[in-house]
Amino acid sequence: MTELARLSDRERRRIITDFVEDALDGVHAPAYRGGLLAAVPDLPDDPTPEQTDAWTALIALVRGPELRAALRRLAEYSARTGPAAAGETAPAAQEQAAQEQAAQQQAAVRVAELMRERGEAAVAAGLAPDSPAAEPVVAELVAAWIPTQAGTADPPAADGPVARGRLLEQLETAAEPAVERYWQLLCTVTGRPAPPRWGTAGAWTTAALRAHLRPYELDRSAFDGTAPDRVTRAYEQVIRDVSALVAAVRPEDLDLPTPCAGWTVRQLLDHMVWENLMAASIAEGTPRDDLGADHLGADHRAAFEDSARTALAAFTGTGMLHRTFGPYEAPGAMLVQQVVVELLAHGWDLARATGAPTGLAPGVAEETLAAARRIYGAAPRTEGGSFAPERPVPPGASATDRLAAFLGRDPA
């Protein structure tokens with residue numbers, strides 16, 4: 001057992017208490033401070049090696065500047081948005097206020113769990129956060145969240161830009177990896193179940209709120225009109241032409257810039273491979289969560305070809321094209337159509353980056369453009385979304401050039 005683990009309970013509590021008090025010094029956030037102090041850990045008399053390691057890691061974390069700054073930012077947000085400090089009140093009123101606060105905290109926990117469930121389900125269903133199909137999910141979450149704000153300063157009364165902006169700010173403020181690590185370690189030290197990780201669901205929910213800052217009625221016709229046999233044919237033709245582009249990419253081309261801001265050819269290819277693999281994993285009921293991994297390896301050509309074969313086999317062999325996915329029952333054929341749109345658009349990006357012709361998949365490009373307008377026509381073009389505002393096209397532009405322009409690229 002390490003020297004830190006041999007400290008008395010009082011000494012361990014004092015380390016955490018002093019850290020919290022110092023980090024929050026001068027910030028009036030009594031509820032937030034009280035929650036942190038109430039969770040000061042007691043190491044068991046006979047800790048497991050895992051608990052001892054977690055305690056050592058916890059001490060290292062509290063001694064560093066990152067957690068201290070993160071806790072202070074959260075405390076300042078709590079002080080700014082929380083209820084005003086209560087004056088002198090009768091004991092009965094104080095007790096009632098405490099009960100109301102406890103009830104609100106429980107409601108907030110339930111809403112957080114709902115957000116996690118809906119966000120993870122959306123990712124599992126391949127639902128893009130800035131797709132029109134994400135709007136009902138956002139509306140449901142905002143409606144569940146609004147009642148939890150009753151005790152805050154100037155609470156929102158109804159769904160709208162103010163409520164959505166407030167929830168977005170709350171989620172962005174709470175996205176502190178050091179704080180999540182702190183709570184994970186506390187739970188390990190005390191033997192309590194660790195809280196569910198929020199990363200995947202939080203990223204999706206935050207992106208969906210940025211894209212849908214104003215409520216609107218979902219037109220479910222965006223879900224219709226995708227014939228399984230036609231979308232399979234479209235996928236095969238797009239893959240044929242894009243595969244030829246990928247095969248022509250030389251190792252020295254991988255560092256070239258692309259029309260996708262900040263992406264090199266290698267990063268673009270990696271994303272295209274991931275699109276195929278992600279769609280296949282949704283079809284198989286095991287959605288991937290490895291967006292940040294390296295999907296190309298040493299052979300970008302083989303990686304792309306393998307991913308395309310995997311995807312096509314999943315589309316045709318799992319019944320995906322005739323099933324629905326997610327809480328709002330998005331047709332599998334529409335999800336595959338989204339992959340077709342993505343791959344054709346990114347194929348255009350690759351062609352522009354490498355100087356190749358951009359008139360890809362002429363036999364299906366026109367219908368793919370029509371599908372993109374149907375699926376994404378109502379999607380807000382907001383900062384952080386997948387698509388920039390539509391660009392003008394020169395006379396005689398191909399359907400693929402017009403698709404690129406619709407999705408915010410400059411075909412000139």
- Query: Going from OG1 on Thr264 to CG on Leu256, what distance comes out if it is rounded to the nearest 0.5 angstrom?
  - Reply: 8.5 Å

- Task: Answer yes or no: are there more than 12 heavy-atom neighbours, outside Glu50 itself, under 6.0 Å from its atom CD?
- Result: no

- Do any N or O atoms from the side chain of Arg33 and from the backbone of Leu24 form a donor-acceptor pair under 3.5 angstrom? yes

- Between the OG1 atom in Thr205 and the CH2 atom in Trp145, the distance rounded to the nearest 0.5 Å is 13.5 Å

- Task: For residues Leu360 and Asp241, report the shortest heavy-atom separation together with the two atoms involved.
- Result: C-OD2, 3.7 Å

- Query: Side chain of Thr310, backbone of Asp306: donor and acceptor closer than 3.5 Å?
  - Reply: yes

- Message: For a 4.5 angstrom cut-off between non-hydrogen side-chain atoms, does Ile282 reach Phe325?
- Response: yes

- Task: Just grab all the ring-ring contact (aromatic ring centres under 6.0 Å, His included) pairs involving residues 229-258, residues at least two apart or on different chains.
- Result: Tyr235-Phe315

- Message: Side chains of Thr258 and Asp349: any donor to acceptor distance under 3.5 Å?
- Response: no

- Item | Backbone of Arg14 reached by a side-chain donor or acceptor of Thr17 within 3.5 Å | no

- Message: I'd like to check Glu366 versus Leu369 (side-chain heavy atoms, cut-off strictly below 4.5 Å). Are they in contact?
- Response: yes

- Please say whether more than 12 non-hydrogen atoms of neighbouring residues, nucleotides or ligands are located less than 6.0 Å from CD in Glu169. yes

- Query: In this structure, which one of Leu312, Val340, Asn276, Val339 forms a side-chain contact (heavy atoms from CB on, under 4.5 Å) with Ile239?
  - Reply: Asn276

- Heavy-atom side-chain contact between Arg110 and Glu113 under 4.5 Å: no

- Tightest non-hydrogen contact, residues Glu284 and Thr318, listed as CG-CG2, 4.3 Å

- Give, for atom CG of Leu67 and atom CG of Leu58, the distance between the pair rounded to the nearest 0.5 Å. 8.5 Å

- Do Gln170 and Tyr77 come within less than 4.5 Å of each other through their side chains, counting heavy atoms only? yes

- Message: Can a donor-acceptor pair be found, under 3.5 Å and without considering hydrogens, that links the side chain of Arg192 to the backbone of Leu186?
- Response: no

- Message: Nearest 0.5 angstrom please: His300 NE2 to Arg250 CZ, how far?
- Response: 10.5 Å

- If you take all heavy atoms of Pro155 and Gln149, which pair is closest and at what distance? CB-O, 3.0 Å

- Item | Arg301 side-chain N/O to Ala247 backbone N/O, donor-acceptor pair under 3.5 Å | yes

- Note on the structure: For Cys260 and Arg409 the tightest heavy-atom approach is SG-NH2, 3.8 Å

- Message: Within the structure provided, determine whether Asp401 and Val393 are in side-chain contact (heavy-atom separation under 4.5 Å).
- Response: no

- Message: Please determine whether salt bridge (Lys or Arg N to Asp or Glu O under 4.0 Å) holds for the pair Asp294 and Arg266, giving the CA-CA distance in whole Å, both sets of side-chain angles, and the decisive distance to 0.1 Å.
- Response: CA-CA 10 Å; Asp294 176 14; Arg266 179 180 178 83; 3.1 Å; yes

- Query: Does a sphere of radius 6.0 Å around CZ in Arg181 hold more than 12 heavy atoms from other residues, nucleotides or ligands, not counting ones at 6.0 Å or beyond?
  - Reply: no

- Message: Please determine whether side-chain contact (heavy atoms from CB on, under 4.5 Å) holds for the pair Leu209 and Leu141, giving the CA-CA distance in whole Å, both sets of side-chain angles, and the decisive distance to 0.1 Å.
- Response: CA-CA 10 Å; Leu209 278 164; Leu141 297 179; over 6 Å; no

- Message: Testing the basics here: between Ala314 and Met320, what is the closest heavy-atom pair and its distance to 0.1 Å?
- Response: O-CB, 4.3 Å

- Message: Can a donor-acceptor pair be found, under 3.5 Å and without considering hydrogens, that links the side chain of Thr52 to the backbone of Thr48?
- Response: yes

- Flag side-chain contact, heavy atom, 4.5 Å: Glu176 against Glu66: no

- Query: Near Arg309 CZ, under 6.0 Å, is it more than 12 heavy atoms from other residues, nucleotides or ligands?
  - Reply: yes

- Task: Hey, could you give me the CD/CD distance between Glu342 and Glu275, rounded to the nearest 0.5 Å?
- Result: 4.0 Å

- Note on the structure: Which of Arg214, Arg164, Arg166 passes salt bridge (Lys or Arg N to Asp or Glu O under 4.0 Å) with Asp159? Answer is Arg164

- Indicate yes or no: at least one non-hydrogen side-chain atom of Ile16 is less than 4.5 angstrom from one of Tyr182. yes

- Could you give the distance from CD (Gln184) to CG (Leu61), rounded to the nearest 0.5 Å? 12.0 Å

- Query: So do Gln338 and Tyr376 actually touch side chain to side chain, heavy atoms under 4.5 Å?
  - Reply: yes

- Evaluate the side-chain contact (heavy atoms from CB on, under 4.5 Å) criterion for residues His346 and Leu269: first the C-alpha distance (whole Å), next the side-chain angles of each, then the deciding distance (0.1 Å), finally the verdict. CA-CA 9 Å; His346 286 316; Leu269 291 175; over 6 Å; no

- Aromatic ring pairing Trp274/His295, orientation class (parallel under 30°, perpendicular over 60°, tilted between): tilted

- Message: Can you confirm whether more than 12 heavy atoms, excluding those of Arg230, are under 6.0 Å from its CZ atom?
- Response: no

- Message: Quick check: closest heavy atoms across Gly347 and Val242, and the distance to 0.1 Å?
- Response: CA-CG2, 4.1 Å

- Kindly say whether Ala23 contributes a backbone atom to a donor-acceptor pair with the side chain of Arg72 at under 3.5 angstrom? yes

